[in-house]
Every structure is written in C-alpha cells, then in structure tokens.
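Written out below as structure tokens is the structure these notes cover.
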Amino acid sequence: MSDLDPFKIFLELQLALPRNGPGSSRATEAAFALVPPLDENAQILDIGCGQGASTFDLLRLTNARVTAIDLYEPFLEKMNARATREGIGDDRLVIKRADMEALPFHEGEFDLIWSEGAIYLIGFAKGLKLWRRFLKPEGHVAVTECTWLTGNPSDEARTFWDAAYPAMGTIASNAAAAERAGYEVIGTQVLPPEDWRTGYYVPMRRKIADMRETYGDEVEPVLAEAEAEIALFENNPGQYSYVFYVMRLKG
Ligand SMILES: C[S@@+](CC[C@H](N)C(=O)[O-])C[C@H]1O[C@@H](n2cnc3c(N)ncnc32)[C@H](O)[C@@H]1O
C-alpha cells in the first residue's frame, strides 16, 4: 500500500481535527440535559466515539462509567493518550475496539447509549433496533443523525445526498422510525451551523491547505471531496443538519 493511499490520507485529515463530525460540547450538554438524572453507578456506551469528543464531555457531565467503542485504532490510541494525560482511570472510562454492528456486550448492560455522527453507518432505524437490547428497561439513547430540514432541497443538495446517504430522513420520518423501533422520542435539537464549522469544517479547511502543500497533487481527490462537502454545506444553508434525537425505551 502506498503511503498516499486515499484511506490513509482521509485518516490523517480526520486525526488532525478536534472532532470527527459536526457537533459541540454545548450541543452534547443540551441533549444530555433532556435525559433524566442517572443512577450513582450508571453505565454509558458511546458508539462510534472517534477521538472521543462526546466521550470526554459525558465524563465531565456525569459520574458514570463510560465505555467508548470505535473501529479505528488510531482514534482509540489518541483517546487513550488523552485519558492518561487527564488522569482518567478505567473506573471511569473503558476504551474498546468494537464494531457497532456486533457489539460485544450483555443484554441490559447500559443506562444510556450515546452516538454522535455514527449511526448513519448502519442506518438510523437499524442501529436503534440493534442497540436496544443493550439498554436497561428504563434506558435512554441519544444520537445525532444528518437530517433534511426542508422538503424542497436544491438540486445540488438533493444530488449530493441521494448519492452519499439516500436514506437520509426528516425529523418527522426519523421520529416515526424511532417509535417503530420501540422508543419514545423525548426531544430533538437541530445543530446550528457553527457546530459544523467551529470544531469540524474550519480546522478541516486548515488541514486541507497544509496537506496540499505537503503532498501536492497526489492527494487531491481526497482533499477535493472534503472541500466539496464543505462547499455544499455553505451553499445550502438551512436545508440539512445533524439533529440530536433523545429517546427512551418504551415500556
Ligand atoms: C463521523 S465519525 C464520528 C466520530 C465521533 N462520534 C465524533 O463525533 O467526533 C464516525 C465514527 O464511526 C467510526 N466507525 C465506522 N464504522 C464503524 C463500525 N462499524 N463500528 C464502530 N465504529 C465505526 C469511525 O471510525 C468514526 O470514528
């Protein structure tokens, strides 16, 4: 494999960012505020944690033990290094390589499942159905999912998302899917544009410029694709965004 293999380039770009998808500590905190207070010994599972943007927020917001899973070792290594730096022990944080489609946990193990910018990888409804068995009977789930905010998107936005994520729903269709999967939706929150920019697209633009200088033309396809995604977002304000869906298991 050449050093400039597209996946390695994508990974280098992502590793340089403070988070690996749109979001913010403010949004995580606001969604968490919708969840009823957790027990003393609560267990939280963060699925598709990336470098742990939401994981470290959840550790700050709770006394719970957080288990964070992702498929890619380089992200988990960065999380381990941060946990060591911040003196967070395994009584509070367990970092594990695991596949969200085949989670290595017991039934009813978690009070709260969290997942930012990752459930789309297996599909919103499928993820919710697969993960519910790992929740305690009174358990809650909070996920972010890229969602249409308009029924009348531009041709540019429609063409992009029809190719990238044809199953992308609206808030109403996702809420209905969650109900069918056995959850009651207790709140939704649309991420504002600054949650796409501050921790994600702004540092991504800077890293793209660095990488273009370092590597030259060979990495252009990967960088151009990332730039096209940013341009799409800036050209189509208010048409789509990530939305937090906070849910509880139906009895
Ligand atoms: C868009 S990123 C979001 C990361 C993080 N939650 C954040 O908001 O910064 C999606 C994450 O899902 C992870 N991922 C991809 N496929 C996965 C799978 N099958 N199981 C677990 N994680 C997966 C990726 O490695 C990546 O870290």
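Just follow the structure's listing: the first ligand is 1, and inside any ligand the first atom is 1. Numbers here simply count residues along the sequence, with the first being 1.
In this structure, Glu184 pairs ionically with Arg248, as a charged nitrogen and a carboxylate oxygen lie closer than 4.0 Å. By the 4.0 Å N-to-carboxylate-O rule, Lys207 lies too far from Asp210 to be salt-bridged with it.
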Cut-off 3.5 Å, no hydrogens considered: what does the side-chain donor-acceptor table look like for residues 27-41, sequence neighbours left out?
from  : atom 1 : to     : atom 2 : distance (Å)
Thr28 : OG1    : Ser24  : O      : 3.1
Thr28 : OG1    : Glu116 : OE2    : 2.7

Under 3.5 Å, which donor-acceptor pairs link side chains of residues 220-228 to any protein atom two or more places apart or in another chain?
from   : atom 1 : to     : atom 2 : distance (Å)
Glu220 : OE1    : Arg212 : NE     : 3.0
Glu220 : OE2    : Arg212 : NH2    : 2.7
Glu227 : OE1    : Arg212 : NH2    : 2.9
Glu227 : OE2    : Arg212 : NH1    : 3.0

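Counting only residues at least two apart or in different chains, ring-ring contact (aromatic ring centres under 6.0 Å, His included) contacts with residues 42-82 comprise Phe7-Tyr72.
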Inset, instruction - Check step by step if side chain to side chain donor-acceptor pair (under 3.5 Å) holds for Tyr245 and Asn174. - result: CA-CA 9 Å; Tyr245 297 84; Asn174 285 334; 3.0 Å; yes
Could you list each N/O atom of ligand 1 together with any protein N/O atom closer than 3.5 Å, one pair per line with the distance?
from     : atom 1 : to     : atom 2 : distance (Å)
ligand 1 : 6 (N)  : Gly48  : O      : 2.8
ligand 1 : 6 (N)  : Glu116 : O      : 2.8
ligand 1 : 9 (O)  : Asn20  : N      : 2.8
ligand 1 : 19 (N) : Asp99  : OD1    : 2.9
ligand 1 : 20 (N) : Met100 : N      : 2.8
ligand 1 : 22 (N) : Leu71  : N      : 3.4
ligand 1 : 25 (O) : Asp70  : OD1    : 2.6
ligand 1 : 27 (O) : Asp70  : OD1    : 3.4
ligand 1 : 27 (O) : Asp70  : OD2    : 2.6

